[in-house]
Amino acid sequence: MTLIVQKYGGSSVADAERIINVARRIIETKDNGNQVVVVVSAMGNTTDELIKLANQVTERPSERELDALVSTGEVVSSTLLAMALEAMGYSAISLSGAQAGIRTDAVHRRARILKIEARRVIQELEKGNIVIVAGFQGATKEMDVTTLGRGASDTSAVALAASLGAEVCQIYTDVEGVYTADPRLIPDAERLSEIGYEEMLELASYGAKVMHPRAVELGELYNIPILVASSFTGRPGTLIHGGVSMEVRNKVRSIAHNLDVAKITVVGIPDRPGIAAALFEPLAEANISVDTIVQNASVNNITDLTFTVAKSQLHEAMEVVEPIARSIGARECVSDADVGQVSIVGTGMQNTPGYAARMFSALSKRGINIQLISTSEIRITCIIDESRVEDAVRVLHRAFKLDVKQ
Ligand code: ADP
Ligand code: ASP
Ligand code: MG
């Protein structure tokens with residue numbers, strides 16, 4: 001029997017009616033002769049609401065308690081979905097992340113999956129049950145509840161698919177697949193019928209929140225095909241896989257944007273060995289991920305260093321960086337939260353000149369100032385003023401002819 005893992009996002013299970021609709025879709029897959037494991041997100045905005053509630057009680061909730069609190073969102077949706085399936089005459093069982101054997105490290109709010117002890121899930125499947133697993137969560141070896149980062153129910157789903165040897169992991173959401181840009185921003189964005197893991201990973205890492213980056217990473221590592229499709233329609237969706245044909249690869253495939261970016265500049269640093277390590281090691285120890293890093297050429301042995309972090313981690317990052325900047329003799333440390341980033345992604349850029357020039361010229365014609373640039377072999381990212389990001393996506397979508405049906 002074929003095993004399929006399906007994941008339903010927050011808007012797909014936002015109310016009782018939608019949960020019943022999801023139950024019907026699961027039954028269709030089950031009736032086609034498959035074993036089904038389902039991963040669910042919390043209903044609608046539940047996670048945000050729970051975080052808000054914690055912040056009303058205290059400004060600095062403990063991360064352990066916050067994880068235990070927000071994980072209840074997925075417990076609610078998974079139990080309701082199991083009840084809906086049972087009411088329709090199908091045997092189903094809900095499991096928390098811990099019950100499903102998802103073991104993580106102890107980095108609360110951003111835990112990583114160490115392994116999945118899938119015994120219980122397999123037993124339940126063998127009994128003929130549809131297994132509903134609460135997404136976004138796991139447990140440490142002390143059985144403390146952890147969460148895997150915002151949007152990480154996708155990661156729960158792909159990790160389960162890998163550990164159970166599922167044929168496919170289906171991610172059902174509120175759009176009909178992966179598009180040439182966020183379809184909420186660009187109404188004439190086109191759905192891609194397929195995309196490779198490496199392109200999807202760049203898109204997800206640079207703001208296309210339709211997939212969680214770690215889910216894509218796991219998909220590639222274990223070679224799990226991932227189908228992204230709508231939970232509201234029967235349309236075909238986008239297949240993320242490893243076998244995308246050469247011709248499809250030969251161009252810019254999609255534009256990603258991200259507003260959750262802030263910039264920190266350490267000004268007037270003495271240019272000597274060990275300075276970058278002195279700044280970035282403590283940031284890594286504080287679990288703050290740093291993205292674009294630019295160091296200016298030094299003048300009179302004095303240099304400036306600029307880097308970006310998530311807006312949500314700016315305050316924490318400044319608390320780490322300011323005392324170090326003082327101790328290494330830097331003149332000052334300034335931050336700017338009013339920035340965002342726009343990226344073009346496509347394997348076609350590899351070893352092909354001209355893409356950067358086209359990107360910069362399209363932005364400049366629109367009067368958009370580029371503050372920083374970062375690149376990978378298949379991506380070019382510009383850090384720009386936050387208020388110009390949406391405009392930049394529109395301009396680039398047109399400049400790279402992504403609005404024209406291929
Ligand atoms: P879910 O709750 O189902 O996990 P998310 O809100 O996390 O859904 O992700 C779906 C959203 O991702 C869409 O509503 C869309 O606005 C956004 N998105 C951003 N970039 C893209 C893209 N390139 N293709 C499709 N959706 C995108
Ligand atoms: N409910 C969690 C969140 O809102 C996880 C998810 O939806 O994937 O981030
Ligand atoms: Mg999501």
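Any value given below was found using the heavy atoms of this structure, including those in side chains, with hydrogens, waters and symmetry copies removed. Positions are given from 1 along the sequence. Just so you know, ligand 1 is whichever comes first in the structure, and atom 1 is the first atom listed for that ligand.
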Which heavy atom of the protein is the closest neighbour of atom 11 (C) of ligand 1, given with residue, atom name and distance?
D174 OD1, 4.0 Å
Under 4.0 Å from one or more heavy atoms of G151, ligand 2 contributes atoms 3 (C), 5 (C), 6 (C), 8 (O), 9 (O)
Nearest-neighbour protein heavy atom for atom 12 (O) of ligand 1, which is reported as residue plus atom name and distance
V210 N, 3.4 Å
So if I count the atoms of ligand 1 from 1 in the order they appear, which ones are less than 4.0 Å from some heavy atom of V178?
24 (N)
Examine the side chains of E202 and S376 and answer whether a donor and an acceptor come within less than 3.5 Å of each other.
yes
Salt-bridged, R184 to D174, with N to O below 4.0 Å?
yes
Contact region, A181 to ligand 1, non-hydrogen atoms below 4.0 Å, reads backbone
Per-atom contacts of ligand 2 with S41, taking only distances under 4.0 Å to non-hydrogen atoms
6 (C), 7 (O), 8 (O)
Side chains of D67 and T146: any donor to acceptor distance under 3.5 Å?
no
Out of curiosity, is H212 lining ligand 2, as in a heavy atom under 4.0 Å away?
no
Check ion pair K127-E124 (N to O, under 4.0 angstrom)
yes
Side chains of T303 and S298, donor plus acceptor under 3.5 Å:
no
How far is atom 8 (O) of ligand 1 from its nearest protein heavy atom, and which residue and atom is that?
T173 OG1, 3.1 Å
Would you say P183 touches ligand 1, if touching means a heavy atom closer than 4.0 Å?
yes
What protein heavy atom is closest to atom 2 (O) of ligand 1, reported as residue, atom name and distance in Å?
G10 N, 3.3 Å
Among protein heavy atoms, which sits nearest to atom 6 (O) of ligand 1, and what does the distance come to when rounded to 0.1 Å?
K209 NZ, 3.1 Å
Looking at E28, I want to see if its CD is surrounded by more than 12 non-hydrogen atoms of other residues, nucleotides or ligands under 6.0 Å.
no
Any N or O on D154 sitting closer than 3.5 Å to an N or O of ligand 1?
no
How about CD on Q123, more than 12 heavy atoms from neighbouring residues, nucleotides or ligands closer than 6.0 Å, or not?
yes
Backbone, side chain, both or neither: what part of R191 comes under 4.0 angstrom of ligand 1, heavy atoms only?
neither
Heteroatom distance test (S12, ligand 1): nitrogen or oxygen, under 3.5 angstrom:
no
Which atoms of ligand 2 sit under 4.0 Å from any heavy atom of A152?
8 (O)
Run the numbers on R379 and S374 for side-chain hydrogen bond (donor to acceptor under 3.5 Å, both in side chains), then give the verdict.
CA-CA 8 Å; R379 171 187 53 80; S374 86; 3.2 Å; yes
Among all protein heavy atoms, pick out the one at the shortest distance from atom 24 (N) of ligand 1; state its residue, atom name and that distance to 0.1 Å.
Y179 N, 2.9 Å
Any side-chain donor near an acceptor of the partner, S78 and S94, under 3.5 Å
no
Would you please test N21 and Y8 for side-chain hydrogen bond (donor to acceptor under 3.5 Å, both in side chains) and show each step?
CA-CA 11 Å; N21 173 50; Y8 292 91; over 6 Å; no
The one among S153, A42, S77 that brings a heavy atom closest to atom 6 (C) of ligand 2
S153
Hey, which atoms in ligand 1 end up nearer than 4.0 Å to a heavy atom of G177?
24 (N), 25 (C)
Which bit of R184 gets closer than 4.0 Å to ligand 1, counting heavy atoms only: side chain, backbone, both or neither?
side chain
Proximal candidate to atom 2 (C) of ligand 2 [heavy atom criterion; set M43, Q137, E74]
E74
Is the closest side-chain donor-acceptor distance between S156 and Q137 under 3.5 Å?
no
Considering only protein heavy atoms, which is closest to atom 4 (O) of ligand 1, and at what distance to one decimal place?
K7 NZ, 3.0 Å
Output the list of atoms in ligand 2 that are nearer than 4.0 Å to some heavy atom of R150, sorted by atom number.
3 (C), 4 (O), 9 (O)
Could you tell me which atoms of ligand 1, counted from 1 in the order shown, lie closer than 4.0 angstrom to a heavy atom of A208?
19 (C), 20 (N)
Which residue supplies the protein heavy atom nearest to atom 15 (C) of ligand 1, what is that atom called, and how far is it?
D182 OD1, 3.3 Å
Is G135 close enough to touch ligand 2? Criterion: a residue heavy atom under 4.0 Å from a ligand atom.
no
Less than 4.0 angstrom from a charged side-chain N to a carboxylate O is my criterion; do R64 and E142 meet it?
no
Relative to each other, are the rings of F280 and F307 parallel, tilted or perpendicular (30° and 60° limits)?
perpendicular
